[in-house]
Structure formats: structure tokens, C-alpha cells
A.B. asks: 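Pasting in a structure now, in C-alpha cells, and then I'll have a few things to ask.
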2 protein chains.
Amino acid sequence: MALGKDYATQECSLASALEVVGERWTLLVIRDALYGVRRYNDFLVHLGIPRAVLSARLRTLTEEGILEKRRYQDSPPRDEYVVTERGIELWPALRALAVWGREHFTERRLRYFRHVDCGTELGSYGECPACGTVVPAADVLLTPGPGLDPDPADPVSRALLKPKRLLEPLETDHA
Amino acid sequence: MALGKDYATQECSLASALEVVGERWTLLVIRDALYGVRRYNDFLVHLGIPRAVLSARLRTLTEEGILEKRRYQDSPPRDEYVVTERGIELWPALRALAVWGREHFTERRLRYFRHVDCGTELGSYGECPACGTVVPAADVLLTPGPGLDPDPADPVSRALLKPKRLLEPLETDHA
DNA sequence: CACCGTTGGTTCGTTCATTGAACCTGCGAG
DNA sequence: CTCGCAGGTTCAATGAACGAACCAACGGTG
């Protein structure tokens, strides 16, 4: 998107945002990163995305400061991608889009977003109805819903069967 | 997006939403519709989008119930596209994305979103800090910012120099 | 009546992005 | 020495976007 014909003439901050995160797969990569996915292979399997596209997205997201590439072991050299503050700030937008999608295009309930302090499900603009405060991404508890049907071959969807906080690294059993 | 390789295996309401509004240009078309743009030619000029793509997007948005095609004159037959309730419910997501884009990728201030009742600029999750309520799309006043540099050949950007409420039809002087 | 302009499109050849399969690399384990 | 794993790159084929040209229904003007 950034090359060739872009949204540059738009005079609009929404267009600026879409320049960065508007390409196919990009928002799903960020969603997974917020869910705690960090490794190339976990993104690959969970998203079912072509490798070339995943590499391209991870590169531009790193360049734009939304993910950070971090060496987690030498020998063999292995990197992981961790979401930055700038990426975390996309949480309200992602949540709002997800809520809209659920209300209009999903029949079964797949996941709940709850306030980690009290377990209450978040309201329509991201607040905790019980506590009366807007819940930051780090205090969101992700719990599975009844409609979930995980792929047994996918470590990420298996790990997401347990409740977990956003941003915390996912414990995938790469056995 | 809807055909061939889609996000169908994602088990996620965000993916469902992106199936519908995740294609290139789609969210910008909806933004314009919320701003009050209703006519084919206004979308065309303001977005700078290829005609074939605009036709395709308007068709799928109509099919998905986000826009409604409405005859506004016979002879010659002329239709306009009006945003529906389902489209209006995308406002929180669009606003959140625009706020993120402004904070990270725009230097100049292009537009303000204000509460029409009191003129206060909306807070980061769409609330009015003065009134303490979340402001629905219909009560948002769009006002131009100092960084705006409108294209004189574009009726929409000229019309947006005046403050206007969201959803109200844009008064474009097609002279 | 001939012609022009406006609105709202469709068609079509070129260019660009996405896809999926195959291949490559560094390294540890058996 | 060979296997397997993580994390990639390369490449041919397909599909989507681009932009210019064309079409059509009508109203207005000379």
C-alpha cells in the first residue's frame, strides 16, 4: 500500500492510519501480537498466511514501530516480534471493529473480553460497566466463548482456550 | 476479499469485520458516507478512486447493508448512497483508527471532532469530557483544523471547510 | 433538431499485490 | 552424517487495482 498508488492525497488521519495498517492481513497480525503471539511460526500457522506476506508485514510493522524485533536466543539465532506501545494503542480500534463484526456478522460467541480485576465483560466502548473505568489493553482478560472450535494442529488456538491477559506472551507448547 | 482466499478460518469477529470492510478503499468510502457524502461523483472526486473500484465497493457495501441505494430523482434516474444504522455503528471503530493515525502519523491538525451540544473536543474514546457521556455519531460536529489544505476542484473538501454534523447530507455546490 | 454537459456507470489492457510451493540457512540432536 | 526445526527468500501463476476510454439517459441551448 505504501508504494505506488497510496492514500497520500487524502488529508485525513484515517487515511494515514490505513496507509500503515490497512493492508490485507496487517490488522490480524497485530491482533495476534496483542494476544501474545510472538513467533514467526505461531503467526504463520494461526493465520494461515503465505510466508512471503507474513515476512513483508512483520518487516513493515517493525519499521513503523508497531512491533519490535527482539533476539530471544543466539545459536541458532532466533527473533521474536513483540508489540510496542504504538501497537498497544491500536487496541481500542481493534476492539471496536471486533465488536461491530460480532454484532453484525457472527452468530456464535467466540471470545469474551473481560476486566481482569473483576471479571466483568467489557461494554461497547471498552469500559468496565462494574468499575466505571475504561480498561487499558493490559487489563483485559481474554476468555473463550462457547462457539470456539479450535484447530488441534494450531498451538495458538489451543493456548487461547485458557483465559489469558492481553499482551502477556502466549505459552505455546512447541513440542 | 470475499472470494477465493478469505479469512474464513479465523474464528474471530475481527476477521469477520475485515471480510466486509477490510478491502482497500472501503473504510474511506464509509468515512465519506458518515461525513455526508452521498453521490457517486462526490465519492469519486474526493477519494480519487478508480471508477470501477468505487462501483464495486458501493455495490458490496449496499449488499452488506452498510449503505442504502436510494432514488433521489427520476428522469434522469439518479441514485444516492446513504449510510445505514449498521454503517453508523462503525463510527467508534473509524474514530479510534483516525485518532491513532493522528497521534502517530500526522503532524498537522486536520480536523476536530466536537460534541455538538457544547463544542468540546471529544476525548480519546469518543466521550465528551465536559458532559461525561459517550457521544453518538449524530451528535458529532466536524470542524476544520489549521492543517487543512483543501483541493479547490473538489466540492466535498470545499464543503467540509464549514463545520457540519456527521450524517447530515453534505451541501455540495454542483454548479 | 443537433449538440453539449451532467451523472452514473461499464469495459478493458496494464500494472501491482497475493498466493502457495519450493528452496535455503544455521544449528542442535541422535 | 543426517534429520528436523525455526525463520526465512525466491518464483511462477493468479487476482485485484489502476486509469483511460467508452456508454447511456436525460435536460438545456441555439
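Per chain, numbering begins at 1; letters A, B, ... match sequence-line order.
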A.B. asks: Without decimals, in angstroms, what is the distance between B:Trp25 CH2 and D:dC18 P?
C.D. replies: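 To the nearest whole Å, that distance equals 6 Å.
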A.B. asks: Check the distance between D:dA25's C1' and B:Gln73's CD and give it to me in whole angstrom.
C.D. replies: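 After rounding, the gap between these two atoms is 11 Å.
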A.B. asks: Just compare D:dT10, C:dG28, D:dT9 and give me whichever is closest to any side-chain atom of A:Ala52.
C.D. replies: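 Nearest to the side-chain atoms of A:Ala52, counting from C-beta on, is D:dT10.
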A.B. asks: Out of C:dT7, C:dG9, C:dT19, which nucleotide sits closest to the side chain of B:Tyr72?
C.D. replies: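 Comparing C:dT7, C:dG9, C:dT19 against the side chain of B:Tyr72, the answer is C:dT7.
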A.B. asks: I want to verify a distance call: between D:dA6, D:dG27, C:dT7, whose nearest atom is closest to the B:Pro76 side chain?
C.D. replies: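 Closest of the options to the side chain of B:Pro76: D:dG27.
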A.B. asks: Side chain of A:Arg78, heavy atoms from C-beta onward: which of C:dT10, D:dC26, C:dG26 has the nearest atom to it?
C.D. replies: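 Among the listed nucleotides, the one closest to the side chain of A:Arg78 is C:dG26.
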A.B. asks: Measure the distance from CZ on A:Arg71 to C1' on D:dA6 and round it to the nearest whole Å.
C.D. replies: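 Whole-Å distance recorded here is 12 Å.
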A.B. asks: Does B:Ser55 reach a base, just sugar-phosphate, or nothing at all? Heavy atoms under 4.0 Å.
C.D. replies: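 Base, at least one base atom sits under 4.0 Å.
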A.B. asks: Taking only the side-chain heavy atoms of B:Lys69 (C-beta and beyond), determine which of C:dG9, D:dA17, D:dT9 contains the nearest atom.
C.D. replies: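 Nearest listed nucleotide: C:dG9.
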A.B. asks: What nucleotide among D:dA6, C:dT19, D:dC18 has an atom nearest to a side-chain atom of B:Pro50?
C.D. replies: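 Between D:dA6, C:dT19, D:dC18, the one nearest the side chain of B:Pro50 would be D:dC18.
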A.B. asks: Quick test of your reading of the model: are B:Glu64 and B:Arg59 salt-bridged, counting only N-O distances below 4.0 Å?
C.D. replies: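 Between B:Arg59 and B:Glu64 there is no salt bridge, as every charged N stays at least 4.0 Å from the carboxylate O atoms.
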A.B. asks: Got a salt bridge between B:Glu68 and B:Arg38, using NZ or NE/NH1/NH2 to carboxylate O under 4.0 Å?
C.D. replies: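 No, no charged N to carboxylate O under 4.0 Å.
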A.B. asks: Can you check the B:Arg57 CZ to C:dG8 P distance for me, whole Å?
C.D. replies: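 My rounded result for the distance is 19 Å.
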A.B. asks: Would you mind reading off the distance between A:Leu44 atom CG and D:dA6 atom C1', rounded to a whole angstrom?
C.D. replies: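 In whole Å, D:dA6 C1' lies 11 Å from A:Leu44 CG.
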A.B. asks: Which heavy-atom pair separates A:Leu27 from A:Val21 by the least distance, and what is that distance?
C.D. replies: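 Taking every non-hydrogen atom into account, CG-O, 3.5 Å.
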A.B. asks: Any idea which of C:dG9, C:dT11, C:dT19 is nearest the B:Arg51 side chain?
C.D. replies: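 The answer is C:dG9, which lies nearest to the side chain.
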A.B. asks: Answer with base, sugar-phosphate or nothing: what part of the nucleic acid does A:Tyr81 contact at a heavy-atom distance below 4.0 Å?
C.D. replies: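 Sugar-phosphate, backbone atoms only, no base.
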A.B. asks: Using heavy-atom distances to pick each residue's nearest nucleotide on DNA chain C, tell me which of B:Arg59 and A:Ile49 is more 5'.
C.D. replies: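 Looking at the nearest nucleotide for each, B:Arg59 comes out on the 5' side.
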A.B. asks: What's A:Val53 touching, base or sugar-phosphate or nothing? Going by heavy atoms closer than 4.0 Å.
C.D. replies: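 Base: the residue A:Val53, judged by heavy atoms under 4.0 Å, touches a nucleobase.
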A.B. asks: Report yes if a side-chain nitrogen or oxygen of A:Ser75 is closer than 4.0 Å to either non-bridging phosphate oxygen (OP1 or OP2) of C:dG28; otherwise report no.
C.D. replies: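 Answer yes for this pair, as a side-chain N or O of A:Ser75 is under 4.0 Å from OP1 or OP2.
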A.B. asks: Between D:dA16 atom P and B:Glu23 atom CD, what is the distance in whole Å?
C.D. replies: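 These atoms are roughly 8 Å apart.
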A.B. asks: Once you round it to whole Å, what is the distance between C1' of C:dT18 and CG of A:Leu28?
C.D. replies: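 One finds 15 Å between C1' of C:dT18 and CG of A:Leu28, rounded.
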A.B. asks: Centre-to-centre under 6.0 Å for B:Phe43 and B:Trp25, is that the case here?
C.D. replies: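 For B:Phe43 and B:Trp25, the ring centres are not under 6.0 Å apart.
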A.B. asks: Could you state the atom-to-atom distance from CZ of B:Arg39 to P of C:dG9 in whole Å?
C.D. replies: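 After rounding, the gap between these two atoms is 12 Å.
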A.B. asks: Any salt bridge linking B:Arg165 with B:Asp139? Criterion: basic side-chain nitrogen under 4.0 Å from a carboxylate oxygen.
C.D. replies: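 Salt bridge between B:Arg165 and B:Asp139, a charged N being under 4.0 Å from a carboxylate O: yes.
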